[in-house]
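Working notes, structure below.
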Amino acid sequence: PGLREAITVLPDAPAPLTFSEYAALSRIERSLYDEAREDFVRLTLRVPTPEQDLSAHILAKLIACNPRRKNSRRGLMISAPLFYGKTELALLLARSVEREHARRYPEYAANGEVPVVWVEMTDHATGKALLSQIVRFLAPTVGLPTQITTDDLRRRTVDLLQLHRTKLLVIDEAHNLGGSEPPSVIKALQNESSATVALVGISLGSGKAFGTGDGLQVTMRCDMVELRQVDIKTDEGLALWRRWVAIFDRNLPLCEHIPGTLTRNSPALHAAANGRLAVLAMIVERLVASILDDSTRDDERVTCERLFAVLD
């Protein structure tokens with residue numbers, strides 16, 4: 001349920017209030033308003049990246065072409081080191097696929113259609129564990145026999161993907177898959193199901209799971225999108241980083257917020273985040289939370305003091 005909600009629900013920013021209007025609310029109303037603001041920052045407030053456009057273009061082509069292929073369907077790999085925004089990019093793509101399916105088929109949920117399946121792998125996960133997670137996502141109330149074979153489980157998984165008209169299968173933390181079984185399971189899913197497989201993880205092209213042996217065959221079947229830190233020593237990198245910071249700055253859901261402090265301090269934010277978008281987003285989340293958690297505050301202005309208290 002939590003993963004489905006993350007894909008389908010994007011909370012809007014609550015209506016802006018002056019600080020005096022906020023202070024006049026009841027304690028419960030202030031708490032609910034603060035929760036709505038934190039949810040907006042955590043789930044909805046995002047910035048566009050070049051990788052988003054590239055990934056969306058690749059994925060749209062794959063989803064259109066894969067159902068027409070008889071086997072060896074192609075997939076997508078989103079790869080980067082830790083804290084580079086891999087999962088956030090995958091979530092944006094998943095939401096886009098879900099919204100497009102909802103636009104074309106408004107009754108899709110009532111008809112039992114699940115256009116996006118999302119599973120997250122734990123350390124040393126097997127191919128059988130991958131299949132079990134897919135089944136649990138699509139049929140959470142169905143029990144699986146303890147002695148079921150991987151082949152039988154794969155057939156059930158493919159049947160469920162087809163029954164629910166799944167277009168996109170996201171395998172997050174895919175670098176945790178271990179052994180020779182997962183690559184053969186993923187290749188079988190690509191052969192037997194029309195769903196496009198998106199693998200998301202740390203350094204997938206060079207890691208143990210997909211950088212050697214059977215895993216390399218999966219890599220060769222995928223279009224690779226790699227996320228990198230932004231280098232503000234280049235004109236392009238500096239412009240991109242400033243744009244990201246400015247978007248966060250303009251959209252902070254704080255009472256009587258006046259943009260400017262974040263933007264003026266974009267070099268300090270770059271240093272603190274080491275050019276990583278995911279870390280920048282976490283800094284913004286912590287900044288908003290630190291202001292909202294201060295019960296003695298008499299304003300919600302983003303000051304240098306408040307910002308650098310979060311960066312320290």
Side-chain angles (χ1 to χ4, degrees), residues 1-49 52 83-85 87-89 91-92 94-96 98-99 102 230 232 239-312:
L3 287 171
R4 289 293 307 150
E5 185 176 282
I7 294 169
T8 58
V9 177
L10 280 178
D12 294 327
L17 299 177
T18 65
F19 191 77
S20 60
E21 290 172 333
Y22 171 80
L25 297 175
S26 69
R27 181 178 60 82
I28 293 177
E29 288 172 330
R30 288 197 301 273
S31 178
L32 291 173
Y33 188 69
D34 289 348
E35 285 180 12
R37 292 194 283 177
E38 289 185 329
D39 285 347
F40 169 74
V41 173
R42 181 172 55 87
L43 298 173
T44 307
L45 181 53
R46 295 294 179 265
V47 299
T49 70
Q52 287 177 22
F83 296 128
Y84 275 63
T87 298
E88 287 301 326
L89 174 55
L91 275 170
L92 286 169
R95 289 167 182 150
S96 176
E98 185 95 15
R99 285 196 300 267
V230 175
I232 60 173
L240 181 61
W241 186 262
R242 284 177 171 171
R243 183 170 61 144
W244 286 350
V245 174
I247 291 172
F248 281 120
D249 202 0
R250 286 197 305 270
N251 291 282
L252 293 182
L254 298 169
C255 294
E256 300 177 63
H257 172 62
I258 300 174
T261 301
L262 289 187
T263 305
R264 287 190 295 272
N265 288 280
S266 61
L269 287 166
H270 183 273
N274 196 24
R276 295 172 292 179
L277 176 57
V279 179
L280 174 62
M282 287 190 285
I283 290 171
V284 172
E285 284 182 38
R286 287 203 303 266
L287 173 64
V288 171
S290 68
I291 293 173
L292 300 187
D293 289 344
D294 180 7
S295 60
T296 65
R297 69 189 186 278
D298 53 16
D299 66 64
E300 294 183 353
R301 290 180 297 115
V302 176
T303 62
C304 286
E305 181 181 6
R306 282 171 166 164
L307 173 60
F308 281 88
V310 171
L311 297 184
D312 289 343

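Since this is a predicted model, take the numbers as computed values, not measurements. The first residue of the sequence shown is numbered 1, and numbering continues consecutively from there.
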For the [atom1] atom of [X] and the [atom2] atom of [Y], what is their distance to the nearest 0.5 Å?
X	Y	atom1	atom2	result
T263	I247	OG1	CD1	10.0 Å
L292	E300	CG	CD	5.5 Å
D39	L45	CG	CG	12.5 Å
L262	F248	CG	CZ	9.5 Å

Test ring-ring contact (aromatic ring centres under 6.0 Å, His included) applied to F19 - qualifying residues, sequence neighbours left out = Y22
So do the side chains of [X] and [Y] get within less than 4.5 Å of each other, counting heavy atoms only?
X	Y	value
C255	D299	no
I258	R301	no
L311	L269	yes
V47	V245	no
P14	R37	yes
L25	L32	no
E21	T18	yes

Show your working on side-chain contact (heavy atoms from CB on, under 4.5 Å) between L277 and Y84 and close with a plain yes or no.
-> CA-CA 6 Å; L277 176 57; Y84 275 63; over 6 Å; no
Neighbour count >12 (heavy atoms, 6.0 Å) for atom CZ, R297 = yes
Taking everything shown except R242 itself, do over 12 heavy atoms lie less than 6.0 Å from its CZ?
-> no
Looking at every heavy atom in both [X] and [Y], which two are closest together, and how far apart are they?
X	Y	value
F40	P253	CD2-CG, 3.9 Å
A278	G85	CB-N, 3.4 Å
A273	W241	CB-CH2, 3.9 Å

Member of L280, L240, T49, N274 meeting the side chain to side chain contact (heavy atoms under 4.5 Å, CB included) criterion with V230 = L240
Please name the residue in the list L287, I291, V284 that meets the side chain to side chain contact (heavy atoms under 4.5 Å, CB included) test with V310.
-> L287
Flag the pair [X] and [Y] as a salt bridge only when some basic side-chain nitrogen lies within less than 4.0 angstrom of an acidic carboxylate oxygen.
X	Y	value
R46	E88	yes
D249	R264	no
E35	R30	no

Would you say E285's side chain and M282's backbone share a donor-acceptor pair under 3.5 angstrom?
-> no
Do any N or O atoms from the side chain of T261 and from the backbone of T303 form a donor-acceptor pair under 3.5 angstrom?
-> no
Criterion side-chain contact (heavy atoms from CB on, under 4.5 Å) on F308 and N265, from CA distance to verdict = CA-CA 10 Å; F308 281 88; N265 288 280; 3.5 Å; yes
Step by step, work out the side-chain contact (heavy atoms from CB on, under 4.5 Å) result for T44 and D12.
-> CA-CA 7 Å; T44 307; D12 294 327; 5.7 Å; no
Check the pair L92 / Q52 against side-chain contact (heavy atoms from CB on, under 4.5 Å), numbers first and verdict last.
-> CA-CA 8 Å; L92 286 169; Q52 287 177 22; 3.3 Å; yes
